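Worksheet: one structure, shown below.
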Amino acid sequence: MEIWGITDIGLVRSENQDCYHCELLEGGTALAVVCDGMGGARGGSVASATAVSAFVHLMKDRLGQENAPELPELLLRAVQEANHVVHSLSMEHEEYRGMGTTLVAAAVTAEELFVVNVGDSRCYLADEAGICRVTRDHSLVEDLVERGEITAEEARVHPKKNLITRALGVGGAVKADLFERKNTGGCLLLCSDGLSNVLTDEELCAEVHSANDGCCQRLLDLALERGAPDNVTAVVVQL
Ligand code: MN
């Protein structure tokens with residue numbers, strides 16, 4: 001396996017509130033996490049950086065121990081830990097009140113892949129056959145699409161497409177979704193909405209399915225060509 005990541009402020013925002021970490025761990029597990037923060041007065045970037053750091057710390061700490069929990073259990077615990085740390089920080093500092101972040105993370109072994117998410121940062125799986133989205137967004141427009149009230153195309157330009165229905169750090173606990181797949185090859189993409197809002201699934205697939213060390217830069221270049229109205233983050237895992 002190989003793993004690459006990139007993040008960029010984009011062309012419009014004054015601060016990068018996205019944050020990511022990706023790493024091939026001893027023992028061969030690939031770990032990737034992308035967070036997209038929200039909240040004024042630096043709250044957004046503090047929330048995403050704090051969540052990534054707390055999440056990765058717990059994962060690596062527990063994975064190194066004997067009797068470590070299975071990866072699905074560990075991922076869900078790491079999400080709760082990250083939620084706790086971000087929420088506590090927001091309670092302790094007036095200027096961070098109300099901050100929060102999305103989180104999408106993957107732990108990949110030679111046999112299986114496990115993905116958790118909160119909010120609208122996404123995970124896709126791509127190979128020669130095409131691309132499919134692994135995660136389901138926790139957003140108003142995703143709910144409207146599922147209820148058949150708007151189409152996927154209408155969702156892309158909906159005035160409230162940024163409204164998320166779940167965020168990490170805004171409450172004492174958070175519900176994350178967990179997805180499990182057999183590792184049958186191809187590539188995994190984790191990204192913030194700054195990428196998925198400006199590129200179609202087909203465009204993402206074209207860059208990601210035969211991933212190499214330039215694929216994250218090419219994804220970013222495409223987003224910048226489209227005006228990059230939001231922060232852009234991508235992590236690619238070659239399975
Ligand atoms: Mn964003």
Side-chain angles (χ1 to χ4, degrees), residues 4-22 32-53 55 79 82-83 86 90 96 98-106 115-124 133-145 152 154-170 174 176-177 188-201 203-204 207-208 216-236:
W4 307 279
I6 203 164
T7 189
D8 192 85
I9 191 170
L11 297 173
V12 173
R13 297 290 170 90
S14 58
E15 185 188 32
N16 191 352
Q17 299 193 327
D18 286 1
C19 186
Y20 80 96
H21 180 88
C22 63
V33 55
V34 169
C35 288
D36 178 350
M38 57 182 197
R42 296 195 49 80
S45 53
V46 169
S48 60
T50 303
V52 166
S53 152
F55 181 89
V79 169
N83 184 79
V86 174
S90 82
Y96 297 153
M99 71 177 176
T101 181
T102 70
L103 181 145
V104 61
V115 177
V116 282
N117 79 306
V118 176
D120 66 354
S121 296
R122 292 179 172 177
C123 175
Y124 293 87
R133 179 141 64 96
V134 176
T135 49
R136 178 189 169 277
D137 293 349
H138 305 128
S139 69
L140 174 75
V141 291
E142 188 92 331
D143 291 348
L144 293 174
V145 170
E154 286 167 338
R156 290 186 74 85
V157 295
H158 196 280
K160 290 186 178 167
K161 74 172 175 350
N162 291 328
L163 210 76
I164 57 174
T165 51
R166 286 191 215 173
L168 186 146
V170 296
V174 68
D177 290 342
L188 207 60
L189 167 69
L190 278 66
C191 67
S192 62
D193 65 338
L195 187 73
S196 55
N197 278 342
V198 294
L199 270 67
T200 65
D201 286 5
E203 289 170 327
L204 294 173
E207 296 303 332
V208 168
C216 287
Q217 184 65 53
R218 288 197 304 276
L219 288 168
L220 172 59
D221 289 344
L222 271 174
L224 292 169
E225 279 172 29
R226 306 275 160 85
D230 191 8
N231 308 143
V232 180
T233 303
V235 173
V236 173

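Worth saying up front: this structure is predicted, and the values here are computed from it rather than measured. Read the numbers this way: they start at 1 and go in the same order the structure lists the ligands and their atoms.
Asp193 has its closest N, O or S atom to the Mn ion (ligand 1) at the position named OD1. Here the N, O or S atom of Asp36 that is nearest to the Mn ion (ligand 1) is OD2. Considering just the N/O/S atoms of Asp230, the one nearest the Mn ion (ligand 1) carries the name OD2.
Looking only at side-chain heavy atoms (C-beta outward), Met99 and Val86 come within less than 4.5 Å of each other.
Side chain to side chain, Thr7 and Thr233 meet the donor-acceptor criterion of an N or O pair below 3.5 Å.
Counting heavy-atom neighbours within 6.0 Å of Arg226 CZ, excluding the residue itself, gives a total above 12.
Checked by atom type and distance alone, the side chain of Asn231 never pairs as donor or acceptor with a backbone atom of Gly194 at under 3.5 Å.
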